[in-house]
Structures are given as C-alpha cells and as structure tokens.
Amino acid sequence: MASAPTLTAAPGRAAEHRHRADLAVLAVEVVLFGVAVGVGLVLNRRDVGLYADAAPLYAKWQPHLGWGTPAALLIAVAVLGWGVRWARTARWGALLAAGWASSVAWTLSLALVDGWSAGLTRRLTAQAEYLTEVPGVTDIPAMLAGFTSRVLDFRPESWSTHTAGHPPGALLLFVGLDRVGLGGGAAAGLACVLVGATVTVSVPVTLRALGAPEAARAVVPFLVLLPGAVWMGVSADALFAGVVAAGLALLAVRGPTAAALGGVLLGFALYLSYGFVLVGLLALAVLVLRPAARLRALLAGGVGVLAVAVAFTLAGFHWWEGYRLLVERYYQGWAAERPYAYWVWANLAALLLCAGPVVGPALRRAVATATGRARAGWRRAALAAAVRDAGPAVVLPLAAAVAVVGADLSGLSKAEVERIWLPFAVWLLAAAALLPAGARRWWLAGQAVTALAVNHLLWTVS
C-alpha cells in the first residue's frame, strides 16, 4: 500500500515543533532543579535530615578556582570548536582513542580544580571509602567467606560505609591494585579515571555494533564533556561505569567468545553493586537489538554471568544474604532520616546535573520515536521487530531510564545519585544522537557549562 502524501512544508513545521518541544522540556528541567534546590534549602534550615548541604547534590556551596580551571576551559573549547565536526569524519580507531584521551583530560582537569590532594589523591582515602579496609585484607578467601558477617554497623569489625554498601567485588579490585604495587589514593584515583573514561569507547562501540554508526559518532563529544565527570574524578562508581559499559559492548559485538567475556564482566558487575541487577534491562535491550545470533549470545553471556556467580558463591559470599544485610545497614545510617518524599523526585534533579541538560530533550525524542514504532509493532504483532527498528539510540537510553526509575522508587537511592547512577547516565546520553546535527553544538555547550558551574560553585569532595 502506498504511503499517504505529505505536504512539502510539513518537514519544516515538524522540525520547528520538535525544537520547541525540546526547549519546553529544558524549561521543565530548570524548574525541577530550581524547586529541588529551594526545597532543599528550606529543609536544611529546618534540620530535617537531608545530610546534603547543597541538596539535591551531596556537596556544599563553596565557589572556588583551581589550576585545573584553565585546562578544563581549553578542553571544552577544543571539543566544541573542532571535536564535534571532526567526530563525523575521523577514522573510527582514531576517534575512539581521541575520545578516551579527551575524556581522561576533561575528568582530571575538573578534579584538579579542587587541587591534586583534595581533588584526586585523598578522594578515596576517607573513612567511608574502600581503601581504609585494604591494609586489613591479608587473606582474600577468608575475607570473602566472612564478608557478610561484617556488613551491619555499630560493631568493632564493621566494614566502612561504602564497603558494607556493596558486594566484595569493589574491595577486591582495590586489594588487587595494592597487591601489584599500585596502592594508595593516587593510584586508585587514577585507575578510576582511566577505567571510567572507557565509557567513551564502549558506548559508541555498542551503538556501532548494533547498526547505528552515525549515532556512535554523534555521541562521542557528549561522552567526552559528560558533566558526570565531576564525580568520575574521583569515585569508585566511575570504575563501575567502565566495567558495565565494557560488558555491554562485548555482548553487542559478534562472536560467542566476546559475548561470554561480556557476561563475565556483567556478572562481576553484580558483585560491584547490588543495584546492577537493573543492568539486566540494558543487557536484554542489547540482545534484542543484535542483528544476528541473539540466542547464541544470550547463552554465551549467561554462561559468563553464571561462572562469576558460582565462583563467588563457592568462595563463601552469598549475594542474597549480602543484599538482605545491606538493606538493614542502609537504614542504620542517614537513610533512616533522609525523607523519601523529597529524594524520590529530587534525585532526578541531581541526575540532570550528572547527565546534563541535554538528557531531557534527548529522552523526549527517544520516547516519541519509540511510541510511534511500538504502535506499528502492535498492529503488525511484531513488537520485537519494531524495537529493533527503533534503533539503539532510542532503546538503550529508554532501558537506562527505566532502570533509573526502578532504582529511584526502591528507596535505596536517597541522595548521592549523581555518582551512584553514573553507569546508567552514560547510556542515557546515547539519545543525544537523535538531536538535529545543527543543534548539537549548542546542547554540548550546555553540558560543558553545567560541569564547569558545578565544579566551581560547589565543593563535591565528600
């Protein structure tokens, strides 16, 4: 059946309508953030127990400059003035290498606004962090077997806050760094930055492998100037984001060996954070979007995940028991006082500063595209085909958005989500490829300004 004719002027009118809709969503973002800040100020003055001086961010108001400031400005100007155009035509390998190097430079420059010590070397040495536990781990098998016995608080042998709040995978990584001679805050901080920056490689590789090469190129500058780089440098969540993204990328590329390795990384991610059960939504989306061999990739990836789970279980760590105790530990601390009624929506305002203002308009376009494809899919009784037709720049961000909503409603993410949700935020940005090419530089400028404003107006060091 022939398609219905369209008026010549319609595309122009439609583009103008979409542009206005993007600006309307941006206005909603501004209002949401403004209300979250205003309500946060009121609640803090009333001593409600937000435990976040600059709510909705876990930070305090402290305008400052640092010797990372000029470097960050130069990188932003270079990406905006030259990088956006170059990303469209560069050789693929060169683009990925330059993207990773630029991401490392951007993250380090933002960290160094706070200084070498406060911004980098001491970030992971605070009492709540993993590194405080590394010297005490002299027997790894014994640590794994007895890990859950030290999760609950108010005991002499209780783990530090972050160690208790996660499975033992993260502690294992930092113990491993120490064992190979890379102990201490500087080495750990640099490791987080270097691994975290690999999302600038993994996300585009995934998009390209799933049949969206243009979207893969378009998203690179947005990943480089990610506002979340403020927390990528330095937090263990940056390292987590790199592991998750690499696992999904390996699941997307061809070959059962790559899928099995992707499964191993995604399985290990489950032992980095209990919340990464929600990464299963992204993994499922990747499998559905694969152009071929979906069942074989599912089986190979599943074997990889299972191998990791079996290894940890045989070592004595039982994931479900750890999760049960984590929930109890969570409400032994600030979470018992932090009001759900505020954080359940203020968390989304914090996410706006992590993913950047582009996230709302980009997701709006993803939802609009997905809605149209889904309707057609239901009519043809071929919804899976309609999902694949929508493309990875639509499906992956929406899967990440659903995961974020699940984490938010759970009540186990009250505050500090600007770093906790980094592994999902980088996938939300894949939808930036849906924005018109002519407007992307302006949106990217907004991303850079957001990162620079947060880093220079707030003291985000915990």
Side-chain angles (χ1 to χ4, degrees), residues 72 74-110 193-230 232-233 238 241-242 244-246 248-250 252-253 282 286 354-359 361-363 365-366 391-397 400 422-451:
L74 284 173
I75 293 165
V77 168
V79 174
L80 287 166
W82 175 68
V84 175
R85 183 175 64 253
W86 184 75
R88 300 191 194 112
T89 58
R91 289 187 299 107
W92 180 242
L95 174 60
L96 294 181
W100 177 80
S102 300
S103 181
V104 170
W106 173 246
T107 304
L108 286 177
S109 66
L110 291 175
V193 171
L194 295 175
V195 175
T198 61
V199 300
T200 314
V201 175
S202 297
V203 174
V205 164
T206 304
L207 292 172
R208 191 171 189 248
L210 297 178
E214 291 184 5
R217 289 178 173 275
V219 78
V220 171
F222 286 93
L223 292 168
V224 170
L225 296 185
L226 172 72
V230 172
M232 285 273 195
V244 168
L248 292 170
L250 286 167
V253 300
L282 280 160
V286 168
C354 173
V358 75
V359 71
L363 283 177
R365 288 178 177 257
V394 171
V395 177
L396 293 177
L422 277 170
F424 300 106
V426 296
W427 294 97
L428 294 175
L429 287 182
L434 302 175
L435 296 165
R440 287 176 196 156
R441 183 175 275 107
W442 292 105
W443 288 110
L444 189 60
Q447 298 289 95
V449 168
T450 298

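What you see below is based on every heavy atom in this structure, not just the backbone, and it leaves out hydrogens, waters and symmetry mates.
Residues Ala209 and Ala252 share a closest heavy-atom pair of CB-O, 3.8 Å. Closest heavy-atom contact between Thr450 and Pro357: OG1-CD, 3.3 Å. Here the shortest heavy-atom pairing between Ala431 and Leu363 reads CB-N, 4.3 Å. Between Val358 and Gln447 the shortest heavy-atom distance is N-OE1, 3.1 Å. A pairwise comparison of heavy atoms in Leu110 and Ala451 identifies CD1-CB, 4.3 Å as the closest pair. Listed here is the closest heavy atom pair of Pro227 and Ala355: CD-O, 3.9 Å.
Side-chain N or O atoms of Arg365 include none that pairs as donor or acceptor with a backbone N or O of Ala433 at under 3.5 Å. Judged purely by atom type and a 3.5 angstrom limit, Thr107 has no side-chain atom pairing as donor or acceptor with the backbone of Val104. No donor-acceptor pair under 3.5 Å is formed between the side chain of Arg88 and the backbone N or O of Ala218. Remark: side-chain polar atoms of Ser109 are paired, donor with acceptor, to backbone N or O of Trp106 under 3.5 angstrom.
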Test side chain to side chain contact (heavy atoms under 4.5 Å, CB included) on Met232 and Val426; report intermediate values, then the result. CA-CA 11 Å; Met232 285 273 195; Val426 296; 4.2 Å; yes
Give the C-alpha distance, both sets of side-chain angles, the deciding distance and a yes or no for side chain to side chain contact (heavy atoms under 4.5 Å, CB included) between Leu194 and Trp100. CA-CA 8 Å; Leu194 295 175; Trp100 177 80; 3.8 Å; yes
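A heavy-atom distance below 4.5 Å is found between the side chains of Pro204 and Leu96. With contacts defined as side-chain heavy-atom distances shorter than 4.5 Å, the pair Leu207/Leu396 qualifies.
Other residues, nucleotides and ligands contribute more than 12 heavy atoms inside 6.0 Å of the CH2 atom of Trp92.
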